[in-house]
Every structure is written in C-alpha cells, then in structure tokens.
S.K.: 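Before I ask anything, here is the structure I am working with.
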There are 2 protein chains.
Amino acid sequence: MTKKNIPRPTESELEILQVLWQQGPSTVRFVNDELSKRRDVGYTTTLKLLQLMHEKGIVTRDDSSRTHVYRAALREQETQGMLIDRLLDAAFGGSALKLVQQALGNRQTSREELDQIRNLLDSIDNQNPTTDPDELA
Amino acid sequence: MTKKNIPRPTESELEILQVLWQQGPSTVRFVNDELSKRRDVGYTTTLKLLQLMHEKGIVTRDDSSRTHVYRAALREQETQGMLIDRLLDAAFGGSALKLVQQALGNRQTSREELDQIRNLLDSIDNQNPTTDPDELA
DNA sequence: TGTTTGTTACGAAACGTTTCGTAACGACGC
DNA sequence: GCGTCGTTACGAAACGTTTCGTAACAAACA
C-alpha cells in the first residue's frame with residue numbers, strides 16, 4: 001500500500017505546478033504572469049486549467065477572499081518520482097541505469113554536479129550493502 | 001541546426017517503438033503479440049496505431065509482401081534523449097542533477113549499476129577538464 | 001470453386017486536453 | 001448610483017489519442 005492514487009498531471013498542469021512549487025501559493029493572475037514569461041497564454045486559459053486541476057485534486061484553493069489562492073496538492077519530489085517511473089517504463093524498459101546514462105551523457109554537466117552525484121552514489125553504497133562488503137576493501 | 005524535426009511519440013507509440021527497437025522489424029501480428037503480454041489490446045488497434053505512426057514518419061514499412069513489416073524510423077538513443085529533455089523542462093526546471101538524484105534516490109540500484117555510473121562520471125571528467133586536472137591525481 | 005483465415009483499410013466513437021469567448025459578479029472610484 | 005475593472009464561472013470548439021467494428025481482399029485449402 002505504498003502507492004497512493006496519485007493523479008497524472010498533464011504537461012500544461014506540470015507547468016503550473018512548477019510555478020506553485022517554486023513560488024508558493026499564488027493567484028491566477030500571478031501564475032498567468034509567470035507562464036506568460038515563457039509563452040503566450042490567455043488569462044482565462046490559466047484560470048480554467050487551475051479550476052480543472054482543483055477538481056482533479058491536483059491543487060487546493062483558498063476561496064475565502066474574492067481572488068482565490070491556489071496551492072499545489074502534490075509534493076514536488078513524489079510527483080517527479082512518479083514521472084520518472086513513467087518514463088522508465090515507457091521508454092527505457094525499466095532500466096534506471098540507461099536513463100541516468102542518457103541524462104548525463106549527451107549533456108554538459110558541471111564538475112560540481114558530478115561530484116554531488118558521486119556523493120549520492122557513495123551514500124547509497126553505505127546505506128545498502130547489497131553484495132559482499134569485502135569487495136569495497 | 002543540430003535539432004531536427006523530431007516527432008513526439010505518444011505513450012502508446014513508445015510502447016510499440018520499444019518492441020521494434022528490441023525485436024527489430026516486425027509484423028503487426030508480432031507487435032500485437034508482444035503488447036498483449038503486458039495488457040489487453042485488440043489487433044486492429046495495434047494495426048491502426050502502426051498506420052498512424054507510419055503517416056507521422058515514426059516508423060517505415062515494407063509493404064512488398066502482403067503482410068507488411070514495420071521498422072522504427074527513430075533511433076532509440078535520440079528518442080530517449082528527447083524525452084529526457086522534455087521531462088527535464090516539464091518537471092525538473094531543467095536541472096539534470098535533480099533528475100538523476102530522483103532516479104537513483106528512491107530506487108534500489110545494484111552495485112554493478114552504481115559502478116557503471118561511476119565509470120561514466122569518470123569518463124566525463126576525463127573528456128571535459130573544466131577545472132584543475134590536478135584534483136584527479 | 002467455395003470457404004475459411006489472416007491481413008489491410010477505413011470510419012467513427014469515446015475520451016481527454018487545451019484554448020478561448022461570453023456572461024455574471026463584486027469592489028472601487030467618481 | 002454608475003461605470004470601470006478584475007475576477008470567477010461556464011460552455012463549447014478544436015484537436016489529438018485511443019479503441020474498435022466493419023468491410024474488402026488475398027492466400028491457402030478442402
């Protein structure tokens with residue numbers, strides 16, 4: 001029962017979720033202004049999207065005042081993990097290794113980021129001694 | 001002009017592409033049998049999908065004999081890279097680091113795979129000495 | 001030849017996503 | 001009070017995806 005009934009946000013919905021994750025609870029106007037920085041989008045389009053997301057339970061809203069305030073109902077990390085699972089299954093035959101190789105391969109990554117990944121690998125090693133610990137020696 | 005006019009396969013289309021990538025050029029019947037291992041899907045559904053993919057240029061087909069043979073027109077790696085770019089933009093604010101952390105974090109990964117990733121990191125380091133090469137010693 | 005079997009072609013329904021036009025409504029300034 | 005402005009609500013169109021029923025057709029076979 002670890003997997004809950006997580007909604008599957010569409011691409012447009014993800015765009016909005018990113019605004020809410022990064023900027024916190026926001027009005028329709030604010031979200032629309034943020035989206036408008038990237039592309040043309042009508043105000044009522046953003047409004048409708050948020051209303052649909054509200055119906056789906058993807059966002060909650062505070063409608064105590066006239067201009068409603070929307071808030072992400074999905075946690076960023078959980079959602080990202082779900083999306084990776086989807087992509088893993090849809091295009092990588094379930095191999096996380098291949099995905100990571102692709103993500104790092106044809107992409108310029110800074111030394112700092114590479115180091116952070118190394119640290120992550122080390123911490124996984126320590127937490128999870130799957131095979132003979134001798135091998136590390 | 002590095003970016004071509006790459007089609008964006010849907011989820012169902014990716015399912016079929018995976019079959020063609022792994023099994024090579026295949027008939028509708030074969031693809032449908034493969035898909036049927038995972039879920040219920042009608043023969044004409046698979047056929048129609050392949051026909052649409054053909055129109056879109058996602059697959060090519062040899063119709064010299066009565067039963068046509070379909071072949072992936074997209075390379076696996078290119079497509080995977082494109083999908084990662086999409087996901088990166090759609091949900092990770094463009095940070096490949098965050099994506100990799102997510103992919104490795106809440107997932108059990110074998111020591112062997114971790115080592116392969118380490119090798120990949122090392123090879124990236126060698127190819128791309130952004131900072132002091134001394135650090136590697 | 002006539003029947004069965006497996007194939008392609010085609011149309012359409014069902015559904016979800018995205019977009020926007022229009023209307024109603026409250027707040028605010030004049 | 002009245003008009004303006006920003007907001008929400010609602011309906012619908014346009015579009016893409018997915019699914020499947022039906023028909024046409026060719027090959028194999030009895």
Side-chain angles (χ1 to χ4, degrees), chain A residues 5-20 25-36 38-71 74 79 83 86-87 89-91, chain B residues 5-20 25-36 38-71 74 79 83 86-87 89-91:
Chain A
N5 221 7
I6 299 180
R8 294 168 47 136
T10 68
E11 204 158 334
S12 298
E13 290 168 346
L14 274 176
E15 213 181 353
I16 290 181
L17 278 178
Q18 281 201 87
V19 172
L20 298 181
S26 312
T27 64
V28 176
R29 167 85 30 211
F30 182 82
V31 171
N32 185 250
D33 286 348
E34 289 296 308
L35 297 189
S36 297
R38 303 176 106 249
R39 60 186 185 90
D40 256 19
V41 53
Y43 177 85
T44 55
T45 300
T46 303
L47 170 64
K48 181 70 163 188
L49 224 15
L50 278 164
Q51 286 170 341
L52 288 175
M53 291 169 76
H54 179 236
E55 279 180 18
K56 296 187 191 174
I58 296 179
V59 299
T60 59
R61 77 174 171 193
D62 176 354
D63 53 1
S64 59
S65 76
R66 178 152 158 63
T67 69
H68 303 169
V69 175
Y70 289 86
R71 179 187 306 259
L74 271 47
T79 306
L83 290 169
R86 261 213 263 170
L87 184 61
D89 181 67
Chain B
N5 220 9
I6 301 179
R8 293 167 48 134
T10 67
E11 205 158 334
S12 298
E13 290 169 346
L14 274 176
E15 213 181 352
I16 290 181
L17 278 177
Q18 282 200 86
V19 172
L20 298 181
S26 311
T27 63
V28 177
R29 168 76 40 203
F30 182 81
V31 171
N32 184 250
D33 285 349
E34 288 295 308
L35 297 189
S36 297
R38 303 176 104 249
R39 60 188 184 90
D40 257 17
V41 53
Y43 177 85
T44 55
T45 300
T46 303
L47 170 65
K48 180 71 163 188
L49 223 16
L50 277 165
Q51 287 171 340
L52 288 175
M53 292 168 77
H54 180 236
E55 279 180 20
K56 295 187 191 174
I58 296 180
V59 299
T60 60
R61 76 174 171 194
D62 175 355
D63 52 2
S64 60
S65 74
R66 179 153 157 61
T67 68
H68 304 170
V69 174
Y70 289 85
R71 179 188 306 261
L74 269 48
T79 306
L83 291 169
R86 259 214 263 170
L87 184 60
D89 181 66

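Each chain gets a letter, A, B and so on, in the order the sequences are listed, and its residues count up from 1. Side chains are part of it too, since the values below use all heavy atoms of this structure and drop only hydrogens, waters and symmetry mates.
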S.K.: Does B:Tyr43 make a side-chain N or O approach to OP1 or OP2 of D:dT19 shorter than 4.0 Å?
M.R.: no
S.K.: Does B:Glu34 have any salt bridge (Lys or Arg N to Asp or Glu O under 4.0 Å) partners at least two apart in sequence or in another chain, and if so, which?
M.R.: B:Lys37
S.K.: Minimum heavy-atom separation for B:Glu11 to A:Ala90, with atom names?
M.R.: CG-CB, 4.5 Å
S.K.: Please list residues of residues 45-64 of chain A whose heavy atoms come under 4.0 Å from any atom in DNA chain C, ordered by number; otherwise none.
M.R.: A:Thr45, A:Lys48, A:Leu52, A:Lys56
S.K.: Indicate whether OP1 or OP2 belonging to C:dT18 is found under 4.0 Å from a side-chain N or O atom of A:Thr10.
M.R.: yes
S.K.: Rounded to whole Å, please give me the gap between CG in A:Asp40 and P in C:dT18.
M.R.: 17 Å
S.K.: Specify the closest pair of heavy atoms between A:Asn32 and A:Gly42, including all atoms of both residues, with the distance to one decimal.
M.R.: ND2-O, 3.3 Å
S.K.: Could you work out, with side chain to side chain donor-acceptor pair (under 3.5 Å) as the rule, every residue matching B:Asp33, not counting sequence neighbours?
M.R.: none
S.K.: Restricting to non-hydrogen atoms, name the atom on B:Arg86 and the atom on B:Pro9 that form the minimum distance, rounded to 0.1 Å.
M.R.: NH2-O, 3.5 Å
S.K.: I need the minimum non-hydrogen distance between A:Asp62 and A:Ser65, along with the two atoms involved.
M.R.: OD1-N, 4.5 Å
S.K.: Could you write nucleotides 21-29 of chain C as a row of B, S and -, 5' to 3', where a protein heavy atom under 4.0 Å of any base atom gives B, of only sugar-phosphate atoms gives S, and otherwise -?
M.R.: BB--BBS--
S.K.: Please enumerate all residues that pass salt bridge (Lys or Arg N to Asp or Glu O under 4.0 Å) together with A:Arg38, with sequence neighbours excluded.
M.R.: A:Glu15, B:Asp89
S.K.: For the residue pair A:Ser36 and A:Val41, what are the closest heavy atoms and their distance?
M.R.: OG-CG1, 3.8 Å
S.K.: To the nearest angstrom, how far is A:Phe30 atom CZ from D:dT7 atom P?
M.R.: 13 Å
S.K.: D:dT8 C1' sits how many Å from A:Asn32 CG, rounded?
M.R.: 14 Å
S.K.: Pick the nucleotide of DNA chain C nearest each of A:Val41 and B:His68; which residue has the one closer to the 5' end?
M.R.: B:His68
S.K.: When you compare the protein's N or O atoms with those of nucleotides 13-15 of chain C, which come within less than 3.5 Å of each other, and at what distance?
M.R.:
none

S.K.: Looking at side-chain heavy atoms only, is the closest gap between B:Arg61 and B:Gln51 below 4.5 Å?
M.R.: yes
S.K.: Does some side-chain heavy atom of A:Glu55 sit less than 4.5 Å from a side-chain heavy atom of A:Leu52?
M.R.: yes
S.K.: A:Glu13 side chain to A:Leu49 main-chain N or O, any donor-acceptor pair under 3.5 Å?
M.R.: no
